[in-house]
Each structure stands twice: as C-alpha cells, then as structure tokens.
Amino acid sequence: VQFGLIRARNIFLGGALGSLLRYTLFVLIGEMLISEWAELIILFLVNLAGAAALGVMARHPYFQSAFCRDIWGVGFAGGFTTMSALTVFIDATMLPEWAVLMLILGLIVYGLGHKYGRSVARRAQAREAQEA
Amino acid sequence: VGAAEFALGALLVAVGGGIGSVVRGFLAQWRGLLDWGTITANSLAAGLVGLILGGPNFALESPEFWLIGLAGGLSTFSGVVSDAYDFFHRGRLIQATLTGVANLGIPLGVLWVSLNLV
C-alpha cells in the first residue's frame with residue numbers, strides 16, 4: 001500500500017486520539033491509584049485493552065476498509081498502546097518478567113479479540129447469503 | 001492536575017502521538033523475516049526516551065510532547081502482539097518468539113546505550 005498524504009493524515013488522527021486517551025487514563029488512574037505499582041497496572045490495562053481492540057479490528061467487517069485500518073488499527077490502537085514506557089519500566093525496575101507476562105497475555109487477548117471479530121464477520125456473511 | 005494544565009498537556013500529547021504514529025506507520029511497511037519496521041519504531045522510541053532522560057533538559061520542559069506523545073505514539077505494543085500472533089497463526093513459532101524477544105531486547109539495548117551515551 002502506497003504511503004501518501006491521505007494515509008498519513010488518517011494515521012495522524014488515529015494516533016493523536018489513541019495517545020490522548022492513553023494520557024487521560026494515565027492522569028485519571030494515576031491520581032486514583034496511590035501505589036508504587038500504579039504505573040505497571042495502567043500499562044497492563046492500556047496495552048492489553050489496545051491488543052484486544054486490534055485483535056477485533058483484524059477481522060471485524062467494519063474495520064476492513066483501508067481508511068478504518070489506518071485510523072483505528074495503525075493509528076488509534078498503535079498510538080494508544082506503548083512499548084517505550086514498558087522499556088523504561090524494565091530498565092528502572094529490572095523486572096523483565098512483567099514484560100514477558102504482558103506479551104503472553106497480550107497474545108491471548110489479541111487472539112480472543114481476533115476470534116470475536118471473525119465470528120461477527122461470519123454472521124454478517126451468513127446474513128448476506130441468506131438475503132441473497 | 002489543573003484543567004488548563006491538563007488541556008495543554010493533552011494537546012501536546014495528541015500532536016506528538018500523531019506524528020509518532022505516522023512515522024511508525026511509514027516504518028511498518030518494512031517487513032522481512034521479522035517485522036523490522038515495528039522493531040525499528042520501538043527501538044527509535046526507546047533511543048529518543050534515553051536521549052531525553054539522560055541528556056540536556058530542553059525536552060523535559062514539555063515531556064508530554066516528547067515522551068508521552070512522540071515516543072509513546074512511535075512505539076507500539078499492540079503492533080508487536082499482532083505481528084507475533086500472525087506468525088504464530090501461520091505456525092511460524094520461531095519467528096513469533098523472535099518478534100517478542102527482538103521487540104523487548106533491542107529497544108532495551110538502545111535505551112541503555114542512549115542513556116549512557118549522553
């Protein structure tokens with residue numbers, strides 16, 4: 001797929017929205033959770049929710065157009081989740097096992113989202129076939 | 001956090017996150033044995049964080065733009081999981097494992113080097 005200005009604009013919009021939501025959650029939950037584990041808890045929430053959402057988007061019929069993929073998949077889900085904060089966390093705490101656990105759980109929730117998106121797509125295909 | 005402070009921070013995060021995401025989207029086209037584009041984006045984000053945290057404090061005056069926005073938007077966790085799942089789904093277990101290892105290990109190395117370089 002050619003990377004032109006329209007793609008860049010769509011990814012920018014999705015990325016801005018995803019980053020904004022991540023920042024808002026960090027501020028809101030960070031103020032509510034007074035714990036040394038607060039950052040890790042928010043990282044888990046954000047990254048696992050983003051992975052599950054991207055799993056749904058991979059197969060859900062609504063997200064199959066290039067526009068939706070760019071704005072919601074590459075832009076929003078990519079900008080919402082973060083690896084840099086996780087890298088800094090590992091470097092600061094020397095606890096890489098949390099990152100490994102997050103990756104494994106990420107794969108599981110992505111798979112569940114993928115399965116859900118595929119089931120929606122199959123139901124939509126069956127409905128279309130019935131109507132035809 | 002005050003409302004005005006939050007609004008300014010949110011604006012900086014949105015602009016930084018949008019720019020970072022566009023760069024990541026462009027890099028994501030680079031695919032091979034592994035998804036090198038995602039690995040590069042995560043490594044660049046870690047290098048940027050290291051340079052900012054370890055270097056001159058010009059960027060620390062607006063961490064919302066540089067760290068939370070630009071580096072956060074440039075790096076991605078969901079992209080790593082998606083790449084690993086695709087390999088796993090096609091029965092390519094070694095590439096799936098390497099995707100996870102490379103996306104954790106290379107950015108960590110880059111972060112360490114950039115923190116200690118400056």
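Throughout, protein chains are lettered first and strands after them, A, B, ... in sequence-line order, and every chain is numbered starting at 1.
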* Taking heavy atoms only and a threshold strictly under 4.5 Å, list by residue number the residues of residues 51-61 of chain A that touch chain B; give 'none' if the list is empty. => Ala51(A), Leu54(A)
* Go through the steps for Phe77(B) and Thr82(A) under the test side chain to side chain contact (heavy atoms under 4.5 Å, CB included), then give the verdict. => CA-CA 5 Å; Phe77(B) 176 82; Thr82(A) 175; over 6 Å; no
* Asked: For chain B, which of Leu17(A), Val100(A), Leu48(A), Leu20(A) has the most heavy-atom pairs under 4.5 Å?
  -> Leu20(A)
* Based on non-hydrogen pairs under 4.5 Å, which of Val109(A), Thr81(A), Asp91(A) is most in contact with chain B? -> Thr81(A)
Heavy-atom pair of closest approach, residues [X] and [Y]:
X	Y	result
Met83(A)	Ser75(B)	N-OG, 3.0 Å
Ser19(A)	Gly69(B)	OG-O, 4.5 Å
Ala77(A)	Ser78(B)	O-OG, 3.1 Å
Thr87(A)	Ala46(B)	CG2-CB, 4.3 Å

Does the side chain of [Y] come within less than 4.5 Å of [X]'s, by heavy atoms?
X	Y	value
Phe26(A)	Ile68(B)	no
Val74(A)	Phe26(B)	no
Arg24(B)	Ile11(A)	no

* Asked: Which region of Val101(B), side chain (C-beta onward) or backbone (N, CA, C, O), has a non-hydrogen atom less than 4.5 Å from a non-hydrogen atom of chain A, or is it both or neither?
  -> neither
* Where does Arg9(A) contact chain B at under 4.5 Å (heavy atoms): side chain, backbone, both or neither? -> neither
* Ala85(A), part contacting chain B, at a heavy-atom distance under 4.5 Å -> neither
* Asked: Within a radius of less than 6.0 Å around CD of Glu97(A), do more than 12 heavy atoms belonging to other residues, nucleotides or ligands occur?
  -> yes
* State whether the number of non-hydrogen atoms from other residues, nucleotides or ligands found under 6.0 Å of Phe44(A) atom CZ is greater than 12. => yes
Heavy-atom pairs under 4.5 Å with chain A, option from [options] with the top count:
options	answer
Gly100(B), Ala10(B), Ala96(B)	Ala10(B)
Ala45(B), Gly79(B), Ser43(B), Ala71(B)	Ala71(B)
Leu48(B), Leu115(B), Val49(B), Leu111(B)	Leu111(B)
Gly16(B), Pro107(B), Gly73(B), Gly18(B)	Gly18(B)

* Structure fact -> For Ile90(A), the side-chain contact (heavy atoms from CB on, under 4.5 Å) test, sequence neighbours excluded, returns Leu86(A), Pro96(A), Ala99(A), Leu104(B), Leu108(B)
* Asked: Which residues pass the side-chain contact (heavy atoms from CB on, under 4.5 Å) test with Leu112(A), sequence neighbours left out?
  -> Ile108(A)
* To do: Could you pull out all residues at least two apart from Thr38(B) that satisfy side-chain hydrogen bond (donor to acceptor under 3.5 Å, both in side chains)?
  => Asp83(B)
* Would you call the rings of Tyr85(B) and His114(A) parallel, tilted or perpendicular, where under 30° means parallel and over 60° means perpendicular? -> tilted
